[in-house]
Every structure is written in structure tokens, then in C-alpha cells.
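This report concerns only the one structure given below.
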Amino acid sequence: MSDGRVTHPLLVASRNADIGFAAGMELLRAGAPALDAAVAVVQRVEDNPKDHTVGYGGLPNLHGDVELDAMVMDGSTLKAGAVAALKGFRHPVVIARKVLETLPHVLLAGEGAAEFAREMGFEEESLLTDEARTIWKRRLEAEADGLPPGVARYYRHMARLARSLAKDPEAAAQEHGTDVTGTVIVIAQDHAGHLAVATSTSGWAWKYPGRVGDTPIPGAGGYADNRYGAAGCTGRGEMAMRAVTARSVVLYMKMGLPLWSAAREAVLDLYALEDEFASGVTLYAVDAHGNHVGMSNQEGRTYIFQTAHMTAPAERPCIFVGPDGRWHIPSS
Ligand code: GLY
């Protein structure tokens, strides 16, 4: 929370973004726009092969393909750009920004997104690391009942396999003991107080090919509007899509709720969803004054932030909101 001082430049993000904070803060300190900083942070997470939930090294879908989703949104203009189910390019967030800058569209998916990336001169490469392939195969072999990918029968059982195997990025990463977990979301606020959000993920591991989550959907996985604030989500994207969670936080602020109350309303909206696969969703939100909060329907989540006065990011616990609407504020 801010104490009335000007808090920007500011970065607020999911924990796995710490690897990119130095680059993002350097840009903000030099006077760069919020969007530049948010993209720079996310790009570094996409490069991190140890993060099995974002970019290079991400866990693949049921076919063994790494399919990536990413989005950017500029709170000054409300312009957004996004790519979904993109294969073969390690920086989907940069391609998402190109969509924003170049096309009369917001979201490109699948082969069209890849075609656009090629046309824009991005380099194509394999994103599946040996480590990610090993994790993917081990679980598939253990749970797919002798149905190795490649045999015809496997492809007749993919819906069943997606139901039993697909894992939200945070759960998948935790289960396999990786250091850094989950979709990355970054909110940046620059010297002028302008806000931007950038997101990126490899989505659900062992997902049905073509599955797209909240991360590339403006309003669901991220939203920024300078007038009120910005928000982003990690966790089970299907829930954030159905509740339009990031936009909800900003809209509740527009309707007059303070930051914490706005975020709590958005968490309560998640509890209203009937969902046999319901799991954790964590929100990261910043208001126009640079106050920030992390809030979740799951206990034990944290987020990171850094202002220009700080030499390194600080980690702060997210507030857990229970189904009864009570918030549980952990001591930091
Ligand atoms: N929140 C990321 C996903 O569900 O793909």
C-alpha cells in the first residue's frame, strides 16, 4: 500500500517475474513508458528455461507441443495485442506487442499467429527442452494407461486424457518441484503514472491442443486503464475467463470501490462459478495512485513489487479471501 508518497515508477508482478525486474526497473528509471518495462520483464521470464510454465522450457500439450499465450495492454490508450496457441517462438509477449502496433486486430491464434511472427522477422525455434520433455513423458506414461503419443488409439482418448492429466500451470510446476511457478503477469506504472500490463504462459500442461486460457484475453488475464488501475491473474484461466476477472477489478474501482474491496469482489465472483475443476486464481492489482495488492482464493500465495526507491523487488503475501467474503491478511 502507498502512504501518500508518489510510488511510481512501480512494478507489480507474479513471483516468477523477479528475474526480469532489474531490466524493467532500469527502463522505468530512464523514463521509458510502462509498456516497454512490462514487456522487458516478461521477455526475460520467457527466456528462463527453468520456468516450465512460460516461454522456452514450458511444459507441452498432449501432443508434446509447447503452445504459448501472451498479451499486452496499454492503459493510456486501452489498446491491446495478444497471441494464443502460438508454437515455435520464444517471445510471444513481443509478438503480442507487434500485433498491437501493426494490425487492426487484437488477438491472433495458432498458425495465423505463427505466420505473423514469421512475417515480422521473429526467429523460429524448438521451445521444448529436454527437462520439460522428461517431465511431460513421465506423467503421460504413468497415467495414460499404455497409450503412448503417436499410436492412433491415443488420439481417440485425448479428451479423457485432458480431463485427467491437464494441470494448471501453478499446480504443474509445484508438483514437479521447479523453482519458479506459474503464468507471469507484470503491471508497470511509469514516471507519468501511466499503466500497462503484460502476460505470458505456456498454459495448462498436458492440455488439449488448442486450449487457450485467460492470459491472452484482455479483461480476463489482464487489463489496464490509466484512469482507474490495472489488474492481472494467474492460476486457473478458465475461471478468470468466465468471470472476466482482470476487467472486473478495474470496473469495481471505476464504480467507486477502493482497491482492496474491488479485488475482493472479483475473488467473490470466482466463488460463484460452478466448476468441477475449480482451483486457485490469484489477482494482482494496482490503482491509479500506485497502491497495490495481491489477492487469491487460495492461501499461501505471494507477489512481488518494486518502486524506484527500492534496490530489489520485495515479496509480499497475497490476501486470502474465503468463500464467506472474509479476508485473511497474513503478517508480512
Ligand atoms: N492462467 C493461465 C492459464 O490458465 O493458462
Side-chain angles (χ1 to χ4, degrees), residues 13-17 42 45-46 51-55 57-62 65-73 80 82-87 92-93 96 107 109-110 113 127 132 136 162-163 165-176 178 180-187 197-223 230-249 263 266-267 269-270 273 275-285 294-298 301 303 318:
S14 53
R15 202 162 47 86
N16 54 345
V42 169
V45 184
E46 290 173 340
D51 193 324
H52 292 307
T53 55
V54 178
L59 289 171
N61 65 17
L62 280 173
D65 294 327
V66 182
E67 275 184 338
L68 303 177
D69 300 336
M71 174 190 48
V72 297
M73 184 160 180
V83 290
L86 173 67
K87 292 187 232 173
V93 76
L107 171 61
L127 303 178
W136 174 78
R163 286 178 70 86
L165 290 173
K167 276 248 175 253
D168 98 41
E170 289 175 11
Q174 276 161 13
E175 191 170 295
H176 293 281
T178 53
V180 279
T181 63
T183 297
V184 61
I185 100 102
V186 176
I187 298 168
V197 64
T199 64
S200 187
T201 191
S202 49
W204 279 43
W206 302 276
K207 64 191 170 186
Y208 205 99
R211 178 267 181 186
V212 171
D214 60 323
T215 302
I217 310 296
Y223 197 79
C233 305
T234 60
R236 177 157 162 70
E238 279 73 3
M239 293 168 71
M241 288 162 90
R242 288 166 62 201
V244 202
T245 301
R247 166 67 170 148
S248 294
V249 177
V267 175
D269 290 343
L270 297 168
L273 304 171
D275 185 354
E276 64 186 292
F277 301 101
S279 59
V281 175
T282 300
L283 325 183
Y284 311 78
M295 217 171 266
S296 186
N297 63 355
Q298 207 176 27
R301 310 303 308 175
Y303 73 103
C318 294

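Order of appearance sets the numbers: ligands from 1, and atoms from 1 within every ligand.
Contacts between Arg211 and ligand 1, counted as non-hydrogen atom pairs separated by less than 4.0 Å, involve the side chain only.
With rounding to the nearest 0.5 angstrom, the CG atom of Asn16 is 9.0 Å from the OG1 atom of Thr201.
Checked against a 3.5 angstrom limit, the closest N/O atoms of Asp214 and ligand 1 fall inside it. An N or O contact shorter than 3.5 Å links Gly237 to ligand 1 by distance.
Listed by atom number, the atoms of ligand 1 under 4.0 Å from Gly235 heavy atoms are 1 (N), 2 (C), 3 (C), 4 (O). Each of the atoms 4 (O) of ligand 1 lies under 4.0 Å from some heavy atom of Trp204. Atoms of ligand 1 found under 4.0 Å from any heavy atom of Gly203, numbered from 1 in the order shown, are 5 (O). In summary, the atoms of ligand 1 found under 4.0 Å from a heavy atom of Thr215, numbered by their order in the structure, are 1 (N), 2 (C). Numbered from 1 in the order shown, with element, the atoms of ligand 1 that lie under 4.0 Å from a heavy atom of Thr183 read 1 (N), 2 (C).
Contact check for Glu67 versus Ser202: no side-chain heavy atoms found under the 4.5 Å cut-off.
Donor-acceptor pairing under 3.5 Å is lacking for the side chains of Thr183 and Thr234.
Legend: residues meeting side chain to side chain donor-acceptor pair (under 3.5 Å) with Ser248, ordered by chain and number and at least two apart, are absent. Here Thr215 pairs with nothing under the side chain to side chain donor-acceptor pair (under 3.5 Å) rule; sequence neighbours left out.
Residues Val184 and Ala17 share a closest heavy-atom pair of CG2-CB, 3.8 Å.
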